[in-house]
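Following: one structure in C-alpha cells, then a few remarks.
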Number of protein chains: 2
Amino acid sequence: MLSKKTKYGLKALAYLASQKDQQPVQISEIAKAENISQKFLESILLSLRKSGFLGSKKGKGGGYYLIKDPKEVLMTDVMRILEGPIAMVPCVSLNFYEKCADCPDEATCSVNKLMLMVRDANLEVYRNNTLADLIV
Amino acid sequence: MLSKKTKYGLKALAYLASQKDQQPVQISEIAKAENISQKFLESILLSLRKSGFLGSKKGKGGGYYLIKDPKEVLMTDVMRILEGPIAMVPCVSLNFYEKCADCPDEATCSVNKLMLMVRDANLEVYRNNTLADLIV
DNA sequence: TGTTTACTCTATTAGATTGATAGGGTAATT
DNA sequence: AATTACCCTATCAATCTAATAGAGTAAACA
C-alpha cells in the first residue's frame, strides 16, 4: 500500500512541476488544489526540501519551488525519500539492505528469489520515469 | 513492505512444494523448519486452505498438503490471498478497485499514472512465476 | 470404543505505524 | 516594524501487525 505521505508528496511535486514559471508556490495553494491536509503537507514538503528536491522562500511571496528540472528528477530517488525502500523485504534492498532475522540462507530462500524479481521490475519503472513523465 | 503473513505463507507453500511425495505435513514440522511461530502459521495455512491452495487431513498422520501441481499455482493468486491487492493504490487495482476519495479525476492524476505502470510491472512478475519456480 | 493426534476457531494483546491536528517559533520580505 | 509563511515539536485516535492462549472438533488407529 502506498502511504498517504508518498501520494501527497508525488502530487505536490507534480503540481510544482506543472507550474509555468518557477515562482514559489504557497503550501496553502498546493493543499487546496490537491485536497491535502495543509499541516500534513507541510511536513512532507519539509522533508522534500531537506533531501534536496525543493527549495523554499520565506516571507511574503514565499513558498516552495522545484530545484531541478523535472526531467532530471528520477522516481527512484523520490520514492526512496517518500516511501522508503523500494524492495519489499530488506534482504533484497539495494539502499536499505538488512539480513532477515528468521532466514538462515538467502541463496536458497524462495521469498528472496521472488522479491528480487519484484524489486528489479519496480526499479525499472522508477528508473525510467522522471517527474516530467508524470505531468499530463 | 511484505507482511510476515505473506512471507511465512510463501515459505510454507515452497516447503510443501519441495516435498517428494504428497503426504500431509504437520504444521509443527513446517514451523520448525522455517522458523515460524506455530500458532501464527496455523492461521496462515488455514486461509490458504480456505482459498483452495491447500488440503488438510486431521488425526494421526494428518497435516497440510498441496492440492495443485506447483507449476499450476500462479504467484498472482497466492499474493492476492496472502498480501491482498497487488496494486499500491486502490484506484489502479484490478481485483480490489476503489475510487480514491481525495482524487477528483483519475485520468489526470500523476499518482494514478505512475502506479499503473508499477502495477503492470508487478503483475508481469507474478504472472510469469509459479510456485514451482520458487523451488531451488 | 476410546484415546490420541493434529487441525480449527475465537479472543486477546502489546507494539508499531499512520494520518491528522494544534500551537507556537522564527526568518525573510515589504 | 509588521506581516507573511515557513519551520518545528508534541500529541492523539485509529488501525494494523504479529504473536499468544486456550478451548473445540474431526479423523485415525489400537
Side-chain angles (χ1 to χ4, degrees), chain A residues 1-12 16 23-51 53-67 82-85 88-90 96 100-103 111, chain B residues 1-12 16 23-51 53-67 82-85 88-90 96 100-103 111:
Chain A
M1 203 50 180
L2 194 75
S3 69
K4 289 280 176 73
K5 180 184 174 186
T6 303
K7 190 180 185 182
Y8 295 163
L10 287 173
K11 285 192 172 190
L16 290 174
Q23 293 302 305
V25 180
Q26 293 172 31
I27 294 176
S28 59
E29 180 185 332
I30 305 174
K32 198 174 177 185
E34 299 293 345
N35 284 310
I36 305 172
S37 147
Q38 177 164 340
K39 278 290 187 181
F40 192 23
L41 182 59
E42 273 188 32
S43 68
I44 297 168
L45 295 181
L46 196 57
S47 79
L48 286 171
R49 203 216 65 196
K50 286 183 177 173
S51 46
F53 293 101
L54 300 180
S56 67
K57 192 183 168 187
K58 293 186 177 182
K60 193 167 190 176
Y64 281 99
Y65 53 91
L66 279 177
I67 286 187
L82 290 173
E83 188 76 1
M88 292 182 81
V89 277
F96 301 83
C100 292
D102 58 305
C103 187
V111 176
Chain B
M1 203 50 182
L2 195 76
S3 68
K4 290 280 175 74
K5 179 184 175 186
T6 304
K7 189 180 185 181
Y8 295 164
L10 287 173
K11 284 192 173 192
L16 290 174
Q23 293 302 307
V25 180
Q26 294 172 31
I27 294 176
S28 60
E29 181 186 331
I30 305 175
K32 198 175 176 185
E34 299 293 345
N35 284 310
I36 304 173
S37 147
Q38 177 164 341
K39 278 291 188 180
F40 191 23
L41 182 58
E42 275 186 31
S43 68
I44 297 167
L45 294 182
L46 196 58
S47 80
L48 285 172
R49 202 217 66 195
K50 286 181 176 171
S51 47
F53 293 102
L54 300 180
S56 66
K57 193 183 167 188
K58 293 187 176 179
K60 194 168 189 178
Y64 281 100
Y65 52 92
L66 280 177
I67 285 188
L82 290 173
E83 188 75 2
M88 293 182 82
V89 279
F96 302 83
C100 292
D102 59 304
C103 186
V111 175

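Here is the naming used below: chain letters follow the sequence lines, and residue numbers restart at 1 for every chain.
Axis orientation changes by 10° from one end of the helix from C:dT1-D:dA30 to C:dT30-D:dA1 to the other, with each end axis drawn from 5 pairs and the value rounded to 10°.
Distance check: A:Leu48 CG to A:Leu41 CG gives 9.0 Å after rounding to the nearest 0.5 Å. Considering OG of A:Ser47 and CG of A:Leu82, their distance stands at 6.0 Å, rounded to 0.5 Å. The distance from the CD1 atom of B:Ile27 to the NZ atom of B:Lys32 is 15.5 Å, given to the nearest 0.5 Å. We find the CG-CD1 distance between B:Leu45 and B:Ile36 to be 8.0 Å, quoted to the nearest 0.5 Å.
For A:Pro24 against A:Tyr65, the heavy-atom pair with the smallest separation is CG-CD2, 4.0 Å.
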Please tabulate, for the side chains in residues 3-12 of chain B, all donor-acceptor contacts under 3.5 angstrom to protein atoms that are two or more places apart in sequence or on a different chain.
{"unit_1": "B:Ser3", "atom_1": "OG", "unit_2": "B:Thr6", "atom_2": "N", "d": "3.2"}
{"unit_1": "B:Ser3", "atom_1": "OG", "unit_2": "B:Thr6", "atom_2": "OG1", "d": "3.1"}
{"unit_1": "B:Ser3", "atom_1": "OG", "unit_2": "B:Glu83", "atom_2": "OE1", "d": "3.0"}
{"unit_1": "B:Thr6", "atom_1": "OG1", "unit_2": "B:Glu83", "atom_2": "OE1", "d": "2.2"}
{"unit_1": "B:Lys7", "atom_1": "NZ", "unit_2": "A:Asp102", "atom_2": "OD1", "d": "3.0"}
{"unit_1": "B:Lys11", "atom_1": "NZ", "unit_2": "A:Asp102", "atom_2": "OD2", "d": "3.4"}

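By the side-chain hydrogen bond (donor to acceptor under 3.5 Å, both in side chains) test, B:Gln38 is found to be paired with no residue, residues two or more places apart in sequence or in another chain being considered.
Between A:Ser56 and D:dA5, a side-chain N or O to OP1/OP2 separation shorter than 4.0 Å is absent.
Spacing between atom CD of A:Gln26 and atom P of D:dC7 amounts to 13 Å, rounded to whole angstrom units. In this structure, A:Leu45 atom CG and D:dC6 atom P are separated by 8 Å, rounded to whole Å. As a whole-Å value, the separation of A:Leu41 CG from D:dC6 C1' is 12 Å. The CG atom of A:Leu54 sits 12 Å away from the P atom of D:dC6 (whole-angstrom rounding). Distance A:Glu42 CD to D:dT4 P: 16 Å, rounded to the nearest Å. Between the CD1 atom of A:Ile44 and the C1' atom of D:dC6 there is a distance of 15 Å, given to the nearest Å. Atom CG of A:Leu46 is separated from atom P of D:dC6 by 11 Å (rounded to the nearest Å). Summarising the geometry, the separation between CD1 on A:Ile27 and P on D:dT4 is reported as 16 Å, rounded to the nearest angstrom.
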Set out, line by line, the N/O atom pairs under 3.5 Å between protein and nucleotides 12-19 of chain D.
{"unit_1": "D:dA18", "atom_1": "OP1", "unit_2": "B:Lys4", "atom_2": "N", "d": "3.0"}
{"unit_1": "D:dA18", "atom_1": "OP2", "unit_2": "B:Lys4", "atom_2": "N", "d": "3.2"}

Can you pull every protein N or O that's under 3.5 Å from an N or O on nucleotides 25-30 of chain D?
{"unit_1": "D:dA26", "atom_1": "O4'", "unit_2": "B:Lys58", "atom_2": "NZ", "d": "3.1"}

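Counting non-hydrogen atoms under 4.0 angstrom, A:Lys50 reaches the backbone sugars and phosphates but no base.
Proximity of B:Met1 to A:Pro90: side-chain heavy atoms (C-beta onward) are separated by under 4.5 Å at one or more points. The shortest distance between side-chain heavy atoms of B:Leu16 and B:Leu54 falls below 4.5 Å.
A 4.0 Å heavy-atom criterion places the boundary nucleotides of DNA chain C facing chain A at C:dG19 to C:dT29, written 5' to 3'.
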